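Just below is one structure, and these are the notes that go with it.
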Amino acid sequence: MSSTRKNINSSGDNATRKCPMASGLESIAPLVRSVEETPEPITTVIKGKIPSWIYGSFLRNGPGKFEFSINNFNHWFDGMALMHRFHIRDGEVTYSSRFLRSDSYVQNSEKDRIVVSEFGTMAMPDPCKNFFARFFSRFKVPQATDNALVNFVKYKGDYYVSTETHYMRRVDPQSLETKEKVDWTQYVAVNSATAHPHYDRDGTTYNMGNSYGRTGFFYNIIRVPPPEKGEQEDKADLNGAQILCSIPASDSRKPSYFHSFAMSENYVVFIEQPIKLDLLKFMLFRIQGKSFHKIMTWEPQYDTIFHVVNKHTGQQSKVRYCTPAMFTLHQINAFEDQGFLVMDMCCGDNGEVIGDFTLENLRRPAGEEMDKFYNSMCRNLPRRYVLPLAVTDDTPCNQNLVTLPFCQATAVKTGCGEVLCTHEELYDEELLQYGGLEFPQINYAQYNAQPYRYFYACGFGHVFSDSLLKMDVKTKKLTAWRHSGLFPSEPVFVPAPNAKEEDDGVVMSVIVTPRMEKSTFLLFLDAKTFTELGRAEVPVNIPVGTHGVFNEMG
């Protein structure tokens, strides 16, 4: 553990101090090893009963290959993207998987070594070149990867897999066939885009991306129009994409890293947090042979800033909403109520966590070594922030502006155009026994950007999630599914036909275990009671993944 981490944990990481220390954790190394793809659908063994009304494909993404010959990737985010499909119909499930045929995968395979740099792994110069060629190759701008291992996303009715560079890959959600490579820079002036867009009910998609140049560094809100009516051509189509708003970085020399953003019915909120990208290091890291994650630093002396932008006009609020340093990877939901914007998100007090997920750390042996790593990590917990939208020059200072009866969060105008926000904890003490939570999901189709009551998440009593949680934001009570040795993936909610209540439906999650070979299963929980309905056992090994979606079929 670095001295920096010790200092941060001792001074500001309250969540880690609240949660119990782990002892005797098992090894999770089998969950981050390379596997073979399963391109043709195979049958699964059904235990219990899967609701017959579920018809569609549960699509998952994540790393599945961690080496080429003697070259090994360093970070979990570096593994080659492996797409998974669980097709569900009439209570039966088939499974298939395919590696994304990205340029990165193809080039690495052809050379049988790592030739494209990833988040935590720098590709080394070709050993067959002479000394001078190898030396000068370090001065070339590194090729951005199209190893889109983070998520399945949708634009204009088409599915893509995405990561956090400016490249995506269109894919066939039925066959998992890799289609064309899509470059965001051909449509809008951004150098990257997130893997977590938001969707309006009409199919309009919103995302965010960086841009930088002589005039500075900007965070850009992107809007992609809904699909046009009528038959569409079988090709990628981001035509009509536009920059809705460009937000200048508070410090153009040290812009912030971001993984996602919040969206309500009328606003997009960009969260500028103190995970900073050192641009000087960015220019030098190729020469120094350092990977991208080495340029990211956690700098808690900076505030976290909420930038509020009107979705319809692109107008950015002149009010500077801020809160003391925190970091967030995933938002839960955001909605407007009586002139306030309510934002719920998973938050932590130590933003160094992203760089910690090296394969060396994840493959630590059971017991003391794994315990030490886990106990040094930040725990993320659900928080609520409330932003008053009608702040003017006449708004009084030094008093709480939040008047919503169900909120304990505060917002105080401290000076000209600045509002200091303090959060409300969206949990009670029981959650701490599960190690906090992450990977939140809601009934997105009906309750995204609307007042809601329930969300589903993974509990983190281990480095990878070891429980599934249902959280009630009204009562702050939780319901859990937890079994020793079983590690769930992000829960995805699928609403029941003619649902009358928010939690009428099922929650699906892929469950993996390091204890037995070929013992993965797709779990189906009743979302209301959080009890098991059934499972589909898959006779192949599946590594821990990242994100997924349910592709409903008619």
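It should be emphasised that the depicted structure is a prediction, and the values quoted were computed from it without experimental measurement.
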**Message:** Tell me whether T194 contacts the main-chain N or O of M208 through its side chain, where contact means a donor paired with an acceptor under 3.5 Å.
**Reply:** no

**Item:** From M345 atom CE to I332 atom CD1, the distance as rounded to the nearest 0.5 Å
**Value:** 8.5 Å

**Prompt:** Taking all atoms of both residues into account, what is the closest heavy-atom pair of C322 and D303, and its distance?
**Reply:** SG-OD2, 4.0 Å

**Asked** Do the side chains of E424 and V342 get nearer than 4.5 Å, heavy atoms only?
**Response** no

**Request:** Would you check if the side chain of N400 reaches a backbone N or O of A411 as a donor-acceptor pair within less than 3.5 Å?
**Result:** yes

**Asked** So, D251 and R253, do they make that salt bridge, N to O below 4.0 Å?
**Response** yes

**Item:** Quiz item: cation-pi between K181 and Y167, 6.0 Å / 45°
**Value:** yes

**Request:** Evaluate the criterion side chain to side chain contact (heavy atoms under 4.5 Å, CB included) for residue pair N210 and F217; output intermediate values, then yes/no.
**Result:** CA-CA 7 Å; N210 290 333; F217 194 103; 3.5 Å; yes

**Prompt:** How many angstroms lie between atom CZ of F261 and atom OH of Y206, to the nearest 0.5 angstrom?
**Reply:** 9.5 Å

**Item:** Distance (rounded to the nearest 0.5 Å) between R320 CZ and K413 NZ
**Value:** 15.0 Å

**Request:** Mind telling me whether W298 and F327 have parallel, tilted or perpendicular rings, with 30° and 60° as the class edges?
**Result:** perpendicular

**Item:** Neighbour count above 12 (heavy atom, 6.0 Å) for E360 CD
**Value:** no

**Non-neighbouring partners of F66 that pass ring pair (Phe, Tyr, Trp, His ring centres under 6.0 Å), sequence neighbours left out** = none

**Asked** With side chains defined as the heavy atoms from C-beta onward, is the minimum distance between R169 and M83 less than 4.5 Å?
**Response** no

**Asked** Taking side chain as C-beta onward, heavy atoms only, is V115 less than 4.5 Å from F68?
**Response** no

**Message:** Counting C-beta onward and ignoring hydrogens, is there a side-chain heavy-atom pair between K311 and I221 closer than 4.5 Å?
**Reply:** no

**Request:** Look up atom NE2 in H423 and atom CG in L381, then write down how far apart they are to the nearest 0.5 Å.
**Result:** 8.5 Å

**Asked** Hey, mind stepping through L437 and C346 against side chain to side chain contact (heavy atoms under 4.5 Å, CB included) and telling me if it holds?
**Response** CA-CA 7 Å; L437 57 78; C346 300; 3.5 Å; yes

**Asked** Taking the inter-plane angle between the rings of F77 and F119 on a 0 to 90° scale, is it parallel (under 30°), tilted (30 to 60°) or perpendicular (over 60°)?
**Response** tilted

**Item:** Check: F73 main-chain N/O paired with E118 side-chain donor or acceptor under 3.5 Å
**Value:** no

**Prompt:** With distance as the sole test, does N220 use its side chain to make a donor-acceptor pair with the main-chain N or O of G209 at under 3.5 Å?
**Reply:** yes

**Item:** Any side-chain heavy-atom pair of V32 and L359 under 4.5 Å
**Value:** yes

**Request:** Work out which heavy atom in N61 is nearest to a heavy atom in A81; give both atom names and the distance.
**Result:** OD1-CB, 4.0 Å

**Asked** Are W184 and Y160 an aromatic pair by the rule of ring centers under 6.0 Å?
**Response** no

**Request:** Ignoring hydrogens and angles, tell me if any N or O in the side chain of D78 forms a donor-acceptor pair with the backbone of H75 under 3.5 Å.
**Result:** yes

**Message:** Between R223 and D202, does any NZ, NE, NH1 or NH2 come within less than 4.0 Å of an OD or OE carboxylate oxygen?
**Reply:** no

**Prompt:** Will you find, in the side chains of E438 and N380, an N or O donor that is under 3.5 Å from an N or O acceptor?
**Reply:** yes

**Pairing of K318 and D393 as salt bridge, 4.0 angstrom limit** = no

**Request:** Evaluate the ring planes of H330 and H196, with Trp represented by its six-membered ring, and classify them as parallel (under 30°), tilted (30 to 60°) or perpendicular (over 60°).
**Result:** perpendicular

**Message:** By the definition side-chain hydrogen bond (donor to acceptor under 3.5 Å, both in side chains), identify the one residue from D146, D183, T185, N191 that meets it with H166.
**Reply:** D183

**N147 side-chain N/O to G79 backbone N/O, donor-acceptor pair under 3.5 Å** = yes

**Item:** Closest heavy-atom pair and its distance - N151, G548
**Value:** OD1-N, 3.9 Å

**Asked** Do the side chain of T392 and the main chain of D394 share a donor and acceptor less than 3.5 angstrom apart?
**Response** yes

**Fill in**
Of all heavy-atom pairs linking A241 and P225, the shortest is N-CD, 3.9 Å

**Item:** Note, N74 side chain near T358 side chain (heavy atom, < 4.5 Å)
**Value:** no

**Request:** Assess K154 against Y199: is NZ or CZ under 6.0 Å from the centre of the six-membered ring, and within 45 degrees of the ring's axis?
**Result:** no

**Message:** I want to check something: taking the side chain as every heavy atom from C-beta on, are M377 and F460 in contact at a cut-off of under 4.5 Å?
**Reply:** no

**Q331/I271 under side chain to side chain contact (heavy atoms under 4.5 Å, CB included): CA gap, chis, key distance, verdict** = CA-CA 10 Å; Q331 285 70 61; I271 301 149; 3.6 Å; yes

**Message:** Check whether T163 reaches the backbone of V150 with its side chain - one donor and one acceptor, N or O, closer than 3.5 Å.
**Reply:** no

**Request:** Measure up the W76 and F357 rings against each other and bin them: parallel (under 30°), tilted (30 to 60°), perpendicular (over 60°).
**Result:** tilted

**Item:** Chi angles and distances behind the side-chain hydrogen bond (donor to acceptor under 3.5 Å, both in side chains) call for S104, T145
**Value:** CA-CA 6 Å; S104 300; T145 183; 2.9 Å; yes

**Request:** Mind listing the closest non-hydrogen atom pair of G64 and P543 along with its distance?
**Result:** CA-CG, 4.0 Å

**Prompt:** Relative to each other, are the rings of Y159 and F152 parallel, tilted or perpendicular (30° and 60° limits)?
**Reply:** perpendicular

**Prompt:** R101 pairs by salt bridge (Lys or Arg N to Asp or Glu O under 4.0 Å) with which of E37, E177, E180?
**Reply:** E37

**Complete:** Taken to the nearest 0.5 Å, the spacing of T422 OG1 from R384 CZ works out to 13.5 Å

**Request:** Give a yes or no on whether the backbone of Y447 and the side-chain of N333 come within a donor-acceptor separation of less than 3.5 Å.
**Result:** yes

**Message:** Any side-chain to backbone donor/acceptor pair from T328 onto C347? Under 3.5 Å, distance only.
**Reply:** no

**Prompt:** On the ring face of Y302, is K276 found with NZ or CZ under 6.0 Å from the centre and within 45° of the axis?
**Reply:** yes

**Prompt:** Got a second to check how far L389's CG is from S317's OG, nearest 0.5 Å?
**Reply:** 7.5 Å

**Message:** Just to verify, which of Y321, F306, F340 counts as forming a ring pair (Phe, Tyr, Trp, His ring centres under 6.0 Å) with Y385?
**Reply:** F306

**Prompt:** Would you call D158-K179 a salt bridge at under 4.0 Å N-O?
**Reply:** no

**Asked** Any side-chain heavy-atom pair from I222 and V190 closer than 4.5 angstrom?
**Response** yes

**Item:** Closest non-hydrogen atom pair between P255 and Y219, with its separation
**Value:** CA-OH, 3.5 Å

**Request:** Name the orientation class of the two ring planes belonging to H198 and Y444 (parallel below 30°, tilted from 30 to 60°, perpendicular beyond 60°).
**Result:** parallel

**Request:** With R379 as the cation and Y374 as the aromatic partner, state whether NZ or CZ is under 6.0 Å from the six-membered ring centre and within 45° of the axis.
**Result:** yes

